[in-house]
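All figures in this text were calculated on a predicted structure; none of them were measured in a lab.
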Amino acid sequence: MTAVQEARARARRARVTASAAQAVAGTGAGVAAGLPQGATATAAETLPREAPAPGRRHAVVRGVAPARPDGWAPAPRPRPRPRLRRGRVVAVSAGAIVALLMFAVVAFHVVLTQRQFRLDRMQQQLSQAQIDHAELTLEVAQLEAPARIVSVAVHRLHMVNPPRVVYLIPGDHPTSHKVSGVPAPAPASTASSSTSTTAGP
Amino acid sequence: MVMTLAFVAVAVRLTDVQVISTRRYTSYGQAELLHTVELPAERGTIYGSSGTVLAMSVPETDIIADDFQIHDPGAEARQLAPLLHQSQAGLRATLSQRSGFVYVARQVSEGVAAKVEALNLPGLTFQRDPRRFEPNGNLALPLLGQVNTNGVGYSGLEGQYNQVLRGRSGSEVVQLDPAGRAIPGGTERVKPAVPGKSLVLTLNKAIEYEAEQALSREIVQSHAKAGWAVVLDARTGDILAMPSLVAGHGGPPRPSSSPLALTTVYEPGSVAKLATFAGALTEGLITPQSVFTVPPDITVGGAVFSDAEPHGTEHLTATQILARSSNIGTIEVARELGPKGLYHWLRAIGWDRPSGLSFPGESVGILHPPSTWSGSAMGSMPIGQDEAVTGLQLADSYNMVANGGMWVPPRLVRYILGPGQARHPVPTGRRHRVVSPTVARELTGMFEHVVGTNGTAPMAAVPGYTVAGKTGTAQIPSTTGPGYQPGDFMASFVGFVPAQHPALTIEVTLEHPTPIYGGSVAAPVFSQIAQYALRELDIPPGSGPGRSGQGATGPGSGGPGGGGPGTTIAPSTSSGAGQ
């Protein structure tokens with residue numbers, strides 16, 4: 001080992017010892033015990049416990065971690081008193097519940113508003129569908145208007161009225177049909193397209 | 001100290017606003033926020049006999065402006081003008097009225113309303129406002145009637161059944177934002193509108209159209225002032241068509257303001273001879289073969305009555321008297337009945353009764369009791385003067401003969417269609433017997449001769465079918481005093497087809513036609529309507545025994561004497577005829 005390495009090792013040991021001494025400083029025992037620098041024993045092993053005074057409650061220091069081989073040991077922390085801890089748990093839980101409730105209320109309102117928007121939209125769609133239905137019904141009725149049908153038939157399709165309606169009236173025997181009227185062509189001037197002779201029932 | 005006082009003042013005011021006057025301030029807030037919107041009820045539809053739409057309402061939109069919220073009327077007018085097809089200046093004036101409520105446009109289509117809404121202009125609101133449409137144009141318009149812009153029927157069936165058709169408006173309380181737009185989800189209260197009920201009529205759209213066309217052609221051809229027709233289903237009394245037209249001034253005839261067959265009473269002329277012959281046959285005073293001596297003229301109560309065509313003394317059977325529409329012969333038959341008997345039979349055929357339709361403005365006719373008759377009334381009453389009827393009363397009385405002597409009440413509204421397609425029949429009058437089936441058969445035979453080659457109405461013939469009917473050519477009473485207007489006549493024909501198994505009863509009347517005779521102007525219209533309606537209703541020919549001399553001639557000359565132009569009242573007499 002070189003002189004430099006030796007100096008580093010000394011310095012490390014010195015830091016560890018200082019930390020251990022600082023950890024037990026709360027009890028005031030580390031310094032009082034006169035522990036020499038560079039000692040490898042842990043503070044817990046070397047320091048005597050102070051006996052509690054009768055009629056006085058003291059915080060109990062428990063569960064001090066065993067010293068590690070390198071001499072480092074965590075400082076013992078004082079544990080909270082149970083009532084305080086319970087109160088804190090209740091408060092945190094209550095806060096969480098309130099926050100959750102508030103979030104739920106907000107979420108509920110959001111959903112409600114979304115649904116309301118959707119309902120409004122559907123009602124508008126329904127209303128529009130009813131209007132469309134009425135408009136289409138009107139359009140059908142207008143298309144079925146006799147004046148329009150006649151106009152289309154005569155002017156666009158160039159149809160003509162049959163000059164005479166012929167009825168075929170069935171008798172008892174297929175050959176005994178009674179014919180009422182004589183089919184005749186439509187007048188030449190108007191028979192440009194279809195000339196129909198209507199056969200009745 | 002000052003801070004304390006200020007704090008106290010604020011606290012007091014806060015208490016006042018939040019606690020003491022909370023209702024008042026809430027109402028102020030709600031008045032700003034909440035608005036009541038009327039939900040107009042959908043007006044019921046009027047259907048024809050086969051379910052075709054005759055009148056219906058379509059939702060349209062009123063565009064309303066709260067012009068206090070419009071800060072730039074010019075800009076809004078510029079955007080609205082092309083969509084609403086209004087002038088920019090006019091719209092600007094409308095939007096600048098400072099009234100708080102102004103109609104920018106009424107009853108615009110949904111498409112236009114959507115385009116305007118998309119502009120998102122402040123101060124505009126949109127309100128549903130149904131509009132009435134007659135998809136068949138003017139078809140049957142006098143019967144259907146009219147609806148005003150507020151959706152209230154004021155004439156025809158629209159007026160008569162307004163309470164049934166209009167339904168009940170609802171309301172909606174909505175929250176509006178400061179720009180007047182509805183806040184989604186801001187609907188507070190909804191009272192839904194109750195839609196109106198619908199009417200299903202007995203009208204046949206196709207027959208109505210053809211009847212209007214036939215009547216229109218005759219009005220133009222005969223230069224008549226007006227005309228109407230009634231087409232009845234002979235068995236049920238259903239009114240299949242009731243066209244009613246007035247001459248257009250330089251244009252085609254147009255629909256009258258009301259159905260003239262219901263609202264106009266007129267002296268019917270020779271078609272009134274039905275009462276005389278029905279009574280005389282029923283009481284056994286005559287038979288169709290009874291022979292009467294008919295002189296060239298006859299004087300009753302100082303008034304001289306003659307026939308349409310001059311003739312010497314003739315011997316005519318009752319059938320011939322009716323077929324030739326002899327006034328003198330009819331007066332002789334009526335003498336057998338006497339005034340009370342004649343009055344009884346005029347009432348029996350329904351000429352003093354309402355039809356039962358209760359149509360707005362419908363007349364019940366004019367028929368005075370014998371105690372008020374003048375001395376010449378026994379000459380004028382049998383031939384259709386001094387009494388007045390409507391076209392429907394006339395059609396009903398002949399339909400009684402077509403039904404074997406049973407009077408059948410006419411019907412125009414078949415039923416009212418309620419929610420869930422529930423049908424509510426409309427009550428009508430009661431059927432009742434007027435003459436026996438035997439007398440009805442005898443009358444039918446006599447009326448068939450009217451349409452024969454020797455009758456007054458061969459032009460009423462329908463090829464392949466037998467027709468029974470009667471012509472009437474009546475003078476029009478003077479509006480300025482006693483007597484009649486010279487040269488003014490009412491020409492009528494009323495009959496049924498097929499004669500032996502009647503399916504249709506049709507009445508046609510033209511006012512002031514040229515020529516004047518019912519056999520020349522009204523009978524051809526009857527024939528045209530009957531031909532089409534028989535085909536439309538699938539009634540084949542030969543459904544009754546044919547009569548010789550009918551249907552073979554078709555439209556012919558007709559000639560004078562079609563019903564006879566009533567009588568000529570001698571100037572020296574004051575019989576009161578025509579009053």
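- With values rounded to the nearest 0.5 angstrom, A:Leu119 atom CG is found 11.0 Å from A:Gln125 atom CD.
- When B:Arg43, B:Arg166, B:Arg132 are each tested for a side-chain hydrogen bond (donor to acceptor under 3.5 Å, both in side chains) with B:Ser57, only one passes: B:Arg132.
- Listed for the A:Thr113 side chain is a donor-acceptor partner under 3.5 Å among the backbone atoms of A:His109.
- Most heavy-atom pairs under 4.5 Å with chain A: of the set B:Arg128, B:Gln531, B:Glu134, this distinction falls to B:Arg128.
- Using a 4.5 Å cut-off between heavy atoms, A:Gln130 does not touch chain B at all.
- Atom CD of B:Gln127 is separated from atom CD of B:Glu38 by 6.5 Å, given to the nearest 0.5 angstrom.
- Neither the backbone nor the side chain of A:Val140 comes within less than 4.5 Å of any heavy atom in chain B.
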